[in-house]
Amino acid sequence: MLEKNYNPKDFEEEIYKNWEENGDFKPDMRSDSEAFSIVIPPPNVTGYLHMGHALDDTLQDILVRYNRMLGKKVLWQPGTDHAGIATQMVVERNLAKEGITRHDLGREKFIEMVWNWKAHSGGTICKQLRRLGASCDWSRERFTMDEGLSRAVLKIFVSLYKDGLIYKAKKLVNWDPKLATAVSDLEVVQKEIVGKMYYYKYPIEGEKGEFIHIATTRPETMFGDTAVAVSKDNEKLKHLIGKNCILPIVNRIIPIVADDHADPEKGTGAVKITPAHDFNDFEVGRRHNLPMINILNEDATLNENTPFEGLGTQEARQKTIEKLEELGLMEKIEDHQMVIPYGERTGVVIEPLMTDQWFVDAPKLAIEALRVVENGQMQFVPKSYEKTYFEWMRNIQPWCISRQLWWGHQMPIWYGPDGTIFCEEIEQQAQAKADEHYGKKVKLTRETDVLDTWFSSGLWAFSTLGWPDKTEFLDTFYPTSVLVTGFDIIFFWVARMMMMSMYMMKRVPFKKCYIHGLVRDEHGQKMSKSKGNTVDPMETIETYGADALRFFMAAMETQGRDVNLSDSRIAGYRNFATKLWNAARFCEMNECKYAKDFNPYDVKSAVNKWIVEKANQATSEVTKNLNDYRFSDAANTVYQFVWGTFCDWYIELSKPIFYGEDAEQIAETRATAAWVLDRILIILHPFMPFITTKLWDNTENREVKLIHAKWPEIKSADDDTQQIDWAIDLISNIRSMRASMNLPATAKLDVYLKDMSQTSISYLPQMEKIVCSLARLEKIEVFENGQEISKDMVQSVFREGLILIPLKGVVNFAAERERLNKELDTLNRNLQGYERKLSNASFVERAPANVVAEEKRRQAEALENKAKIIEALNRIKYL
RNA sequence: GGGUGUGUAGCUCAGGUGGUUAGAGCGCUACGUUGACAUCGUAGAGGUCACAAGUUCGAGUCUUGUCACUCCCACCA
């Protein structure tokens with residue numbers, strides 16, 4: 001028995017527990033059916049579920065549940081990411097509360113603390129995913145720092161190194177001074193700010209009173225200047241090329257070089273060159289073989305190569321300006337709009353710094369990763385995202401993979417006493433190689449750097465399935481079927497998975513990549529903590545249930561567009577669930593029981609034939625849309641069928657049957673209603689797994705659980721639905737007349753149909769009862785030819801004929817005239833359209849014959865109807 | 001500067017291959033306690049599909065241009 005009210009909180013968690021405990025999410029490895037697999041984009045172990053996850057994981061769960069019901073062997077592989085920077089920061093923050101830093105503990109102790117933290121506080125998000133209904137196989141949950149996945153990391157690292165695709169280099173990298181580590185280009189965000197532009201001058205060597213004028217936003221970097229560049233095309237300044245100038249304060253002699261980097265239009269036309277602290281200057285330095293002077297410490301304070309050792313960049317900037325002013329070299333300071341790089345995680349200004357780092361030769365790995373997208377082995381959905389992918393991959397830079405952190409995969413690199421590098425999976429091997437190399441036992445020191453988190457994430461598609469071991473899961477589920485993720489992650493993750501997989505597996509990691517947009521607030525604003533417009537999905541689930549949130553995500557997911565969150569809309573889908581709940585209660589109350597030997601294609605009554613056909617139409621539409629990843633179309637089809645067809649019409653049409661006497665019809669309708677409800681539960685299950693399961697289990701002795709129920713294969717009976725469609729149309733028309741004439745809903749009317757076709761007339765005997773019931777009529781009859789239309793009959797055009805309602809003297813003629821005139825207006829407007837087209841000779845000549853014929857038919861019908869309305873108007877003209 | 005999208009009802013958005021009177025949810029108006037449901041029902045109002053030109057018998061849909069906005073990449077002189 002169903003409770004009166006739909007209350008998702010009462011059953012959602014319980015149902016999930018039942019699935020998980022019964023192993024319903026595990027693939028049946030004994031089955032020989034087709035495999036379907038998805039690896040979850042691993043959330044950070046520190047993370048909490050946000051609306052972006054809710055969207056991403058709902059879409060995945062829909063695909064997973066749908067494919068499971070198709071009878072495939074389905075694996076949704078879950079897990080979390082160790083999230084190097086994020087996790088280290090969380091634990092360090094906790095330590096800071098006790099006034100200690102990680103350095104007080106030492107590396108080993110600190111890492112132990114991180115593992116402790118993970119054991120106690122990590123993985124909240126996995127619990128939240130369960131609450132959302134995600135049917136992942138949790139027994140296979142993985143973590144990027146697991147033993148197995150770490151082995152995969154070591155193996156692929158060594159392989160890449162030995163293939164020359166990983167190398168160490170001293171390069172200018174993005175340096176996060178707060179964390180004291182290198183970060184990748186992608187972890188840097190550019191922010192626009194209003195800063196200052198400083199203008200000052202350097203004296204020219206040996207030419208008293210001659211200066212070269214410089215403009216910069218960072219005067220304090222002048223201590224790293226090793227040249228000034230001027231374009232050779234700069235008419236005003238090119239005479240200075242080849243001379244030297246004197247770097248003030250430190251009085252270093254530096255050359256003035258010719259380089260096109262110096263744009264004559266910008267600034268003063270002369271650029272100070274600081275090769276060790278600017279990416280462009282670095283290139284200039286290389287071209288002119290300039291020395292590099294590093295002026296910063298790891299924490300971005302100035303170092304011993306400057307007069308302001310120990311000062312931060314801001315203070316040093318102030319001091320530099322003061323000093324230049326003292327020397328009379330400062331000229332002016334202007335406000336200047338500029339873009340400054342910040343660390344994505346730490347929010348501090350990123351400094352380009354010369355350091356030893358490790359790089360992956362991404363341009364080489366990109367070749368294969370590009371090829372398999374170009375030739376369609378991996379397809380983006382929507383396709384347009386491949387442009388984004390191509391654009392980035394074709395311009396890819398070497399990927400800096402070393403991080404000066406503690407939490408992460410420590411690189412399998414050992415250095416010999418003279419710095420020779422030994423790269424092996426385990427220390428013993430490296431030791432053996434080293435001993436052989438040196439011809440004696442030597443002491444090795446291990447590289448302290450760890451790998452960028454995305455390095456291990458890049459292996460996710462195969463490392464989670466057991467690689468490097470040969471496993472049944474790897475054989476069965478690799479390549480995975482589809483990857484579902486946001487467009488913001490294409491570079492970070494999709495591209496890297498493609499490169500790593502093509503390198504190691506020689507096969508794509510996934511055959512399709514479905515890309516969705518961002519979840520925004522209801523006015524399309526990006527959600528952010530600082531704006532205070534974030535919404536916690538757990539609270540939404542608490543209020544409306546997981547099913548409502550999931551359905552919302554599906555219904556709003558149209559390919560390639562962002563999803564705007566809307567509380568009222570989520571409430572609407574909660575209402576939809578309530579509606580279904582009540583429909584199920586209706587079925588229950590009317591003893592609509594699932595009948596084992598019921599054959600929907602054998603039903604006799606027009607109403608039942610109609611709903612079976614409509615159910616099949618809806619099913620095939622949902623199937624098609626899901627196959628095409630058209631989530632919103634799929635969801636809307638189910639919604640429309642449940643509410644607009646089943647509840648609004650079928651249930652209403654079944655009432656006169658249930659309250660009537662015909663036992664045979666009652667029995668058939670009960671069985672049909674139960675069958676349709678089951679069908680609804682099946683096709684709705686991927687979207688709303690909880691309520692559908694709850695209602696499914698309300699029927700005793702089910703042969704299968706809904707989660708494993710078979711997705712229907714459509715056998716169209718091609719049943720004629722026109723009779724019921726006609727009745728529905730008729731009922732709607734009568735209701736509309738009733739409303740516009742302000743007739744009380746309770747008044748039972750007589751209705752006549754005039755000038756109807758033979759087909760329509762043939763429908764009437766069967767449809768009479770339901771029309772009378774739903775339109776609240778006393779009787780409905782054919783208006784015989786030759787009968788006189790009386791003045792107190794209101795009339796309205798219905799298809800090829802007229803609906804007449806005698807009102808026995810209560811007609812409000814003014815209202816009736818108004819209503820008829822409105823009908824007339826509509827007809828005239830349509831007629832104009834038809835006439836315009838048909839009077840156009842080239843339309844008649846060139847448009848397809850069926851289009852022209854249809855237009856003619858409409859015109860003829862409209863003309864006839866117009867005549868009838870005019871006649872009716874004339875009849876009551878003066879009343 | 002390079003690239004990518006978007007502009008349709010009061011709001012948020014659908015409208016694969018051009019073809020009836022352009023749809024949905026929410027909101028709004030009127031009526032309604034009809035034996036599943038007021039988290040509801042019935043009926044209704046509301047749109048020059050950003051603008052301009054073009055292709056076509058026919059354009060919300062295709063082409064070009066204009067305007068406005070979004071996002072991504074690059075850019076610290």
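Residue numbering restarts at 1 for every chain, and letters A, B, ... go by the order of the sequence lines.
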**Q** Given that both distances must come in under 3.5 Å, which nucleotide forms a Watson-Crick or G-U wobble pair with A74(B)?
**A**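 Partner of A74(B): none found under 3.5 Å.
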**Q** Under 4.0 angstrom, heavy atoms only, what part of the nucleic acid is Ile273(A) near: base, sugar-phosphate, or nothing?
**A**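 If one applies the 4.0 Å heavy-atom cut-off, Ile273(A) turns out to touch nothing in the nucleic acid.
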**Q** Under a 3.5 Å cut-off for both distances, is G54(B) Watson-Crick or wobble paired, and to whom?
**A**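 Pairing partner: C62(B).
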**Q** Please determine, for U6(B), whether a Watson-Crick or G-U wobble partner exists with both distances under 3.5 Å, and give it or none.
**A**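 By the stated definition (distances under 3.5 Å), A68(B) pairs with U6(B).
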**Q** What does Thr578(A) touch in the nucleic acid at a heavy-atom separation under 4.0 angstrom: a base, only the sugar-phosphate, or nothing?
**A**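 Base contact.
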**Q** Does Lys837(A) have a side-chain nitrogen or oxygen under 4.0 Å from the phosphate oxygens OP1 or OP2 of U20(B)?
**A**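 Result: no.
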**Q** Using a 3.5 Å distance criterion without hydrogens, assess whether the side chain of Asp628(A) forms a donor-acceptor pair with backbone atoms of Arg630(A).
**A**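 The answer is no, because no donor-acceptor pair under 3.5 Å joins these two groups.
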**Q** Reckon Asn575(A) has a side-chain N or O less than 4.0 Å from the OP1 or OP2 of C40(B)?
**A**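 Answer yes for this pair, as a side-chain N or O of Asn575(A) is under 4.0 Å from OP1 or OP2.
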**Q** Under 5.5 Å between ring centres and under 30° between planes: true for Tyr659(A) and the base of G35(B)?
**A**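 Yes, the aromatic ring of Tyr659(A) stacks with the base.
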**Q** For the side chain of Phe491(A), counting heavy atoms from C-beta on, which of G19(B), G16(B), C72(B) is nearest?
**A**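 In terms of side-chain proximity for Phe491(A), the closest of G19(B), G16(B), C72(B) is C72(B).
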**Q** Check whether any side-chain N or O of Ser632(A) sits under 4.0 Å from OP1 or OP2 of A14(B), and answer yes or no.
**A**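 No, Ser632(A) has no side-chain N/O under 4.0 Å of OP1/OP2 on A14(B).
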**Q** What's Asn5(A) touching, base or sugar-phosphate or nothing? Going by heavy atoms closer than 4.0 Å.
**A**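 Asn5(A): no heavy atom of the nucleic acid under 4.0 Å.
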**Q** Counting any heavy atom closer than 4.0 Å, what does His336(A) reach on the DNA or RNA strands: base, sugar-phosphate only, or nothing?
**A**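 The answer is sugar-phosphate, as His336(A) gets under 4.0 Å only of primed atoms, P, OP1 or OP2.
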**Q** Mind checking Arg829(A) for me? I need base, sugar-phosphate or nothing, with any heavy atom below 4.0 Å counting as a touch.
**A**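 The residue Arg829(A) makes no contact with any strand.
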**Q** When we call it a touch if two heavy atoms are under 4.0 Å apart, what does Glu522(A) touch: a base, just sugar-phosphate, or nothing?
**A**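 Sugar-phosphate: the residue Glu522(A), judged by heavy atoms under 4.0 Å, touches backbone atoms but no base.
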**Q** Nearest to the side chain of Val349(A), which nucleotide is it out of A36(B), C76(B), G19(B)?
**A**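 Looking only at heavy atoms from C-beta outward on Val349(A), the closest nucleotide is C76(B).
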**Q** Would you say A36(B) has OP1 or OP2 under 4.0 Å from some side-chain N or O of Arg585(A)?
**A**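 No, no such contact exists.
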**Q** Quick one: is Asn564(A) getting a side-chain N or O under 4.0 Å of the C13(B) phosphate, OP1 or OP2?
**A**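 Looking at the OP1 and OP2 atoms of C13(B), one of them is under 4.0 Å from a side-chain N or O of Asn564(A).
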**Q** Counting only side-chain nitrogens and oxygens, does Asn280(A) get under 4.0 Å of the OP1 or OP2 atom of C76(B)?
**A**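 It does, given that an N or O in the side chain of Asn280(A) lies less than 4.0 Å from OP1 or OP2 of C76(B).
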**Q** Counting any heavy atom closer than 4.0 Å, what does Arg569(A) reach on the DNA or RNA strands: base, sugar-phosphate only, or nothing?
**A**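 The answer is base, as Arg569(A) lies within the cut-off (heavy atoms under 4.0 Å) of a base atom.
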**Q** Can you tell me how far P of A74(B) sits from CD of Gln190(A), to the nearest Å?
**A**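 So the CD-P distance, Gln190(A) to A74(B), works out to 6 Å.
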**Q** Is Lys624(A) touching bases, backbone alone, or none of the nucleic acid, heavy atoms closer than 4.0 Å?
**A**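 Base: the residue Lys624(A), judged by heavy atoms under 4.0 Å, touches a nucleobase.
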**Q** Out of the candidates Ile770(A), Ile611(A), Asp725(A), Ile731(A), only one should pair with Trp649(A) under the side-chain contact (heavy atoms from CB on, under 4.5 Å) rule; please name it.
**A**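 The single option meeting the side-chain contact (heavy atoms from CB on, under 4.5 Å) with Trp649(A) is Ile731(A).
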**Q** Could you tell me how far U42(B) sits from C37(B) if I compare only their P atoms? Round to whole Å.
**A**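 The answer is 15 Å between these two P atoms.
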**Q** In whole Å, I'd like the distance from the CZ atom of Phe487(A) to the P atom of U6(B).
**A**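 In whole Å, U6(B) P and Phe487(A) CZ are 13 Å from each other.
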**Q** Has Gln559(A) got a side-chain atom pairing as donor or acceptor with Tyr629(A)'s backbone, closer than 3.5 angstrom?
**A**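 The answer is yes, because a donor-acceptor pair under 3.5 Å joins these two groups.
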**Q** What integer distance in Å separates Asp488(A):CG from C73(B):C1'?
**A**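 Going from CG in Asp488(A) over to C1' in C73(B) covers 15 Å.
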**Q** Go through C57(B), C76(B), U4(B) for me and flag the one nearest to the Arg218(A) side chain.
**A**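 Nearest nucleotide to the side chain: C76(B).
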**Q** Please name the nucleotide paired to C31(B) by Watson-Crick or G-U wobble geometry with both distances under 3.5 Å, or report none.
**A**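 Per the H-bond distance test, G41(B).
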**Q** In terms of relative ring orientation, are Tyr650(A) and Phe646(A) parallel, tilted or perpendicular, with 30° and 60° separating the classes?
**A**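 The arrangement is parallel - the two ring planes meet at less than 30°.
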**Q** Could you tell me how the ring of Phe380(A) sits relative to the ring of Tyr389(A): parallel (under 30°), tilted (30 to 60°) or perpendicular (over 60°)?
**A**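 The arrangement is tilted - the two ring planes meet at 30° to 60°.
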**Q** Classify Ile734(A) by what it touches in the nucleic acid, base, sugar-phosphate, or nothing, heavy-atom distance under 4.0 Å.
**A**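 Nothing, no nucleic acid heavy atom in range.
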**Q** Angle between ring planes, Tyr573(A) versus Tyr639(A), binned at 30° and 60°: parallel, tilted or perpendicular?
**A**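 Geometry flag for Tyr639(A) against Tyr573(A): perpendicular rings.
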**Q** Any donor-acceptor pair under 3.5 Å between the side chain of Glu557(A) and the base of A14(B)?
**A**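 Answer no: no donor N or O sits under 3.5 Å from an acceptor.
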**Q** Using the rule given for ring pair (Phe, Tyr, Trp, His ring centres under 6.0 Å), can you reason through Phe576(A) versus Phe551(A), listing the C-alpha separation, both sets of side-chain angles and the distance that settles it, and then say yes or no?
**A** CA-CA 10 Å; Phe576(A) 171 65; Phe551(A) 201 89; 5.2 Å; yes
**Q** I need the CG-P distance between Asn865(A) and U21(B), as an integer number of Å.
**A**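 Going from CG in Asn865(A) over to P in U21(B) covers 15 Å.
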**Q** Regarding Ala262(A), tell me which of base, sugar-phosphate or nothing describes its non-hydrogen contacts under 4.0 Å with the strands shown.
**A**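 Result for Ala262(A) = base.
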**Q** On a whole-Å scale, what distance lies between the P atoms belonging to U33(B) and U48(B)?
**A**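 After rounding to an integer number of Å, I get 37 Å for this pair.
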**Q** Check nucleotides 41-45 of chain B for protein N or O atoms closer than 3.5 Å to its own N or O atoms and list the pairs.
**A**
unit_1, atom_1, unit_2, atom_2, d
G41(B), OP1, Lys579(A), NZ, 3.2
G41(B), OP1, Trp643(A), NE1, 2.5
A43(B), O3', Ser736(A), OG, 3.4
G44(B), OP1, Ser736(A), OG, 3.0

**Q** Does the structure show a Watson-Crick or G-U wobble partner for G16(B), both distances under 3.5 Å? Name it, or say none.
**A**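 Its partner is none (no Watson-Crick or G-U wobble pair with both distances under 3.5 Å).
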**Q** Check every strand shown and say whether Cys647(A) touches a base, only sugar-phosphate, or nothing at a heavy-atom separation below 4.0 Å.
**A**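 The residue Cys647(A) makes base contact.
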**Q** Should Arg520(A) be listed as having a side-chain N or O under 4.0 Å from OP1 or OP2 of C71(B)?
**A**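 Answer is no, no contact under 4.0 Å.
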**Q** Starting at CD1 of Ile254(A), measure out to CG of Leu247(A) and round the result to the nearest 0.5 Å.
**A**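 Those atoms lie 5.0 Å apart.
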**Q** Over all heavy atoms of both residues, which pair between Leu565(A) and Ile570(A) is shortest? Give the atoms and the distance, please.
**A**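 Answer, listing the atom of Leu565(A) first, then Ile570(A): CD1-CD1, 4.3 Å.
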**Q** From C26(B), C37(B), C57(B), pick the nucleotide closest to the side chain of Ser568(A)?
**A**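 The listed nucleotide nearest to Ser568(A)'s side chain is C26(B).
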**Q** Classify the nucleic acid contact of Ser566(A) as base, sugar-phosphate or nothing, counting any heavy atom under 4.0 Å across all strands shown.
**A**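 It contacts nothing in the nucleic acid.
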**Q** Does a salt bridge link Glu855(A) with Arg858(A), judged by any charged N lying under 4.0 Å from a carboxylate O?
**A**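 Result for this pair is yes, salt bridge flagged.
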**Q** Looking across every strand, which nucleic acid part, if any, lies under 4.0 Å from Glu652(A) by heavy atom: base, sugar-phosphate, or nothing?
**A**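 Touches a base.
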